[in-house]
Amino acid sequence: MPSCKSLKPILPLLLASLPSTSFSKDWAIDGILDEKEWATAYSQSGFRLTTPYTLLPSNDRTKAMLYADEIGLHVGFVNQQSSPSPTFISLKDEALRADYNEIIVDFDGLGIRAFGFRVSNANSSQDSVWSDENREDTDWNGNWQHATHQENGQWTSEILIPWSVASNYNQDIESIKVYFSNWNQAKQHRQSYPAIDRNKQTFLSDFTRVPLSPHDSAALDIYPYFSAAKDFVRGNDVSTTSGVDIFWKPNNSAQLDLSVNPDFGQVESNEIVVNLTAIETFNEEKRPFFRQNHDLFDLQGPESLRLIHTPRIGGKIEGSTSTPEIAGAARYTQLFQNYDFGLMLATEEDGEPIDGRDFVAARLRRKSDNYLIGGLLSYVHQPFDNSDATVAAFDLSTTLNEYLRLSSQLIHSSIDRDGEPRQEGLGSWLSLEHEINDHWEHEVTVFHYGRDLELNDFGYVKRVNREQLEYSNQYEVSELDSQHIEFIVIETELEYRTTADQQRLPTQLGASLELNSPHSGKLYFSTEYNTSGIDDIINPDGFSPRLSRFYEMNIEYIDETQDRLHYELSVGSGKAGLLGSFKQIEFAPDVRISETFNIGASATYKESDSWLILLDTNRLGDYSSQELELGLNLTLQSGPHELRWKTEAISINAANNTNYIIDENGQLTADGRDQNLFISEFATQIRYRYDLGNQSEIYIVYARGGEAEEDELRPASIRSFNSAISKENAERLLFKIKLHY
């Protein structure tokens, strides 16, 4: 395959000839609702309290307005609050921890997919895509406008949502469905219209219908980027990369996305994870191209199941040390009246020592008023071991009545490798959600993932060879006659598990109690108990050890009601490993120094006198361990300037108690002692971002990381991080510019 770096000389000429995306200049989006059109707009002020779920009128009055023209949907909020919260700026697309207004719009009016838009009183924003009735994905990043204004004891917000910002089938549609809400951070209250619980099984379906028709519109968005990086560890050369993401919508119901050398989003640092288990770490997608317009392919299930997990594209190849570059990717989606169709392609560059992979995924879905039924087919060709991986899936979700919802999937995988028999596997799951009343709901899920089910060429699942029954129950007690407790949430859960060949795994029982105070935050009590049984995860390629029962108990306090100080404090203890005990404490304060300056920190300490680690097939090590994890996050934002310093460090000190051999019956036999273990990792990133406007940005990023692994014990203290700091394995300076045309 040709290298996409050959496009660098022609990218500026190509982009200069492309049209730009702009908004109407006749309507000022300034947060001041003084346009004459607002006088005839649809308006709603019948908000009710839904957090807690009392449905009582709120003391804080909110009015929402909608007006549609050929440009898009204009949204206005007027907020009268008895005790307004201070304004604090949040980073771009970060969770808003301030008062905010929200509108969620279902442009099709079918309850299948909706788009959410939030604006805080400091004019910070966050957007999202809603699907499966009550599942929110905040990875989406739309091109919309917003502004806020404060005056005379009230604050107003104004939002413009262009018709082209979200795909929808708009032929002959005479109305849309919407949901409005207002969040008060100090009280931890949400008032909304219509007055529905966001966790309700028919949340999207219960939106209110508004007689406004979407206008058909076209849009072309081009995001070229250029980056230059200097790696101080691997050499003195400066490497450069450029590419472009193109999103073209000829109309509201069709979209074609193309990417040449996709933007990897290197400006975000990954969390430090020390994973000594057999379960693969789940990595979130950070690349803008794969985060946009992806909801049609986002099929999820139990055990963190993802049938399409886009970090596989351009990710590390299993069995190899290579991580190939992506040559290009394309995605096409088309929405019809009763059907949705999507096709996604991606290919990696060929090179040394191995050639890249090819990825294909096709999705077809039929929709009606009360059910969705669809199919997905994915294919991966991997030259490294000359294999072809195919996954076919069938999915169904239906609302049986107002209180009962069913979801299910049937999955078949097939792997062809040279010189090996074809490997075929089956998987299936079914979930039934029942809402007994507005305060009480429960859910039953059963799944079977066969021993030979293989999804991890293009998808992700924590573990296979599993049959499991899960039951959960949640009950909310609200309208309490108490000055200290506003409402209570009680949850219980049961998991009964076996392997596919009927080996008994530990049965898990759990319960939690959540106490919510109108003055001082939330208090959680939780406990989990596991019966004895075999552990099928710790030694996946050998015999499974049989372990005794274990349990844990936790108390957690979260206070987000204060103006300048938010914090979380949790304490836990229990039994684990070979009847060993553990204890853990975690503290995470967040201090708002000013409207634009924030300091966040976290500290976690854990002790255990029985921590099991797989040393080799059928051989375990039992350790007494101490673990210390620290984090610091400073952010400063002023106008278009944003500066963030993020630092994380983790230290694990483990003294070997005894080693064990696992026999075919799962019994453990002592096998002497081994070396002790010391692991330390450190990572820091300083990131400057300048907002050029209209989704165009400049980044300057300095990042450094180090890790150390030795057999000499160190105390779990701040000094223990010196080893990782001195043994750097990464130091990098990055410049990146991303434009939007």
Side-chain angles (χ1 to χ4, degrees), residues 129 131-132 135-140 257 259 262-265 268 270-271 273 275 277-320 322-326 328-331 333 342-348 356-363 365 374-382 384 387-395 407 409-415 423 425 427-429 447 449-450 452-464 466 540:
V129 176
S131 59
D132 291 343
R135 177 159 60 89
E136 182 183 20
D137 181 2
T138 57
D139 285 343
W140 182 65
D257 308 325
S259 184
D263 179 2
F264 261 74
E268 291 293 339
N270 291 317
E271 305 292 331
V273 177
N275 187 356
T277 72
I279 298 177
E280 177 189 5
T281 300
F282 181 86
N283 293 313
E284 296 285 350
E285 179 61 81
K286 296 183 181 296
R287 295 165 292 186
F289 178 82
F290 294 111
R291 291 170 60 164
Q292 301 299 316
N293 195 31
H294 182 68
D295 58 284
L296 184 58
F297 297 92
D298 188 20
L299 275 71
Q300 301 185 18
E303 292 293 287
S304 301
L305 172 76
R306 303 289 195 280
L307 293 181
I308 299 295
H309 184 50
T310 53
R312 299 289 184 202
I313 305 172
K316 184 178 178 181
I317 296 177
E318 185 176 356
S320 169
S322 297
T323 303
E325 298 287 339
I326 302 176
R331 179 179 51 232
T333 55
L343 179 66
M344 181 166 60
L345 310 169
T347 185
E348 298 170 341
R357 296 161 292 187
D358 298 314
F359 298 82
V360 181
R363 170 84 165 132
R365 181 174 68 183
L376 179 134
L377 183 66
S378 69
Y379 168 80
V380 179
H381 173 67
Q382 183 166 270
F384 174 65
S387 66
D388 297 291
T390 305
V391 172
F394 168 85
D395 61 283
S407 304
Q409 285 182 3
L410 180 64
I411 309 164
H412 175 267
S413 67
S414 176
I415 308 292
Q423 176 185 324
S428 60
W429 64 267
F447 67 86
Y449 294 159
D452 295 323
L453 181 67
E454 180 57 66
L455 304 178
N456 288 345
D457 288 276
F458 204 168
Y460 176 90
V461 66
K462 274 188 177 181
R463 46 201 168 194
V464 295
R466 177 64 61 96

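Everything numeric here is computed off the predicted structure, so don't read it as measured data.
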Query raised in the report: Can you check side-chain contact (heavy atoms from CB on, under 4.5 Å) on Leu305 and Leu455, steps first, answer last?
Result: CA-CA 9 Å; Leu305 172 76; Leu455 304 178; 3.2 Å; yes

Report task. Identify the residue among Asp388, Thr390, Thr347 that makes a side-chain hydrogen bond (donor to acceptor under 3.5 Å, both in side chains) with His381. Result ->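 With His381 as partner, side-chain hydrogen bond (donor to acceptor under 3.5 Å, both in side chains) holds for just one option, Asp388.
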
Query - Backbone of Gln292 reached by a side-chain donor or acceptor of Arg331 within 3.5 Å - result: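 Here the side-chain-to-backbone pair exists.
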
Query - Ser413 backbone acceptor or donor facing Glu454 side chain under 3.5 Å - result: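 Here the side-chain-to-backbone pair does not exist.
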
Query raised in the report: Are Arg135 and Asp295 within salt-bridge range, i.e. N to O under 4.0 Å?
Result: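 Looking at Arg135 and Asp295, the cut-off is not met.
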
Query raised in the report: Charged N to carboxylate O below 4.0 Å: is that the case for Arg357 and Asp457?
Result: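 A salt bridge is absent here (no side-chain N lies under 4.0 Å from a carboxylate O).
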
Any side-chain heavy-atom pair of [X] and [Y] under 4.5 Å:
X      : Y      : value
His294 : Asp139 : no
Arg312 : Tyr460 : yes
Phe447 : Arg466 : yes
Asp395 : Arg363 : yes

Requested in this report: Calculate, to the nearest 0.5 Å, the distance between atoms CG and CG belonging to Asp132 and Asp137 respectively.
Outcome: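 The distance works out to 11.0 Å.
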
Query - Atom pair CD1/CE of Ile313 and Met344 - distance to nearest 0.5 Å - result: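 Interatomic distance, Ile313 CD1 to Met344 CE, rounded to 0.5 Å: 5.0 Å.
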
Requested in this report: Determine the sole option in Phe297, Phe458, Phe282 for which the ring-ring contact (aromatic ring centres under 6.0 Å, His included) test with His309 is passed.
Outcome: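 Going through the options one by one, the only one that passes is Phe282.
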
**Report entry** Intermediate values then yes/no, salt bridge (charged side-chain N to carboxylate O under 4.0 Å, His left out), Arg291 and Glu285
**Finding:** CA-CA 7 Å; Arg291 291 170 60 164; Glu285 179 61 81; over 6 Å; no

Query raised in the report: After noting the C-alpha distance and the side-chain angles of Ile326 and Phe290, does the key distance pass the side-chain contact (heavy atoms from CB on, under 4.5 Å) rule?
Result: CA-CA 12 Å; Ile326 302 176; Phe290 294 111; 4.1 Å; yes

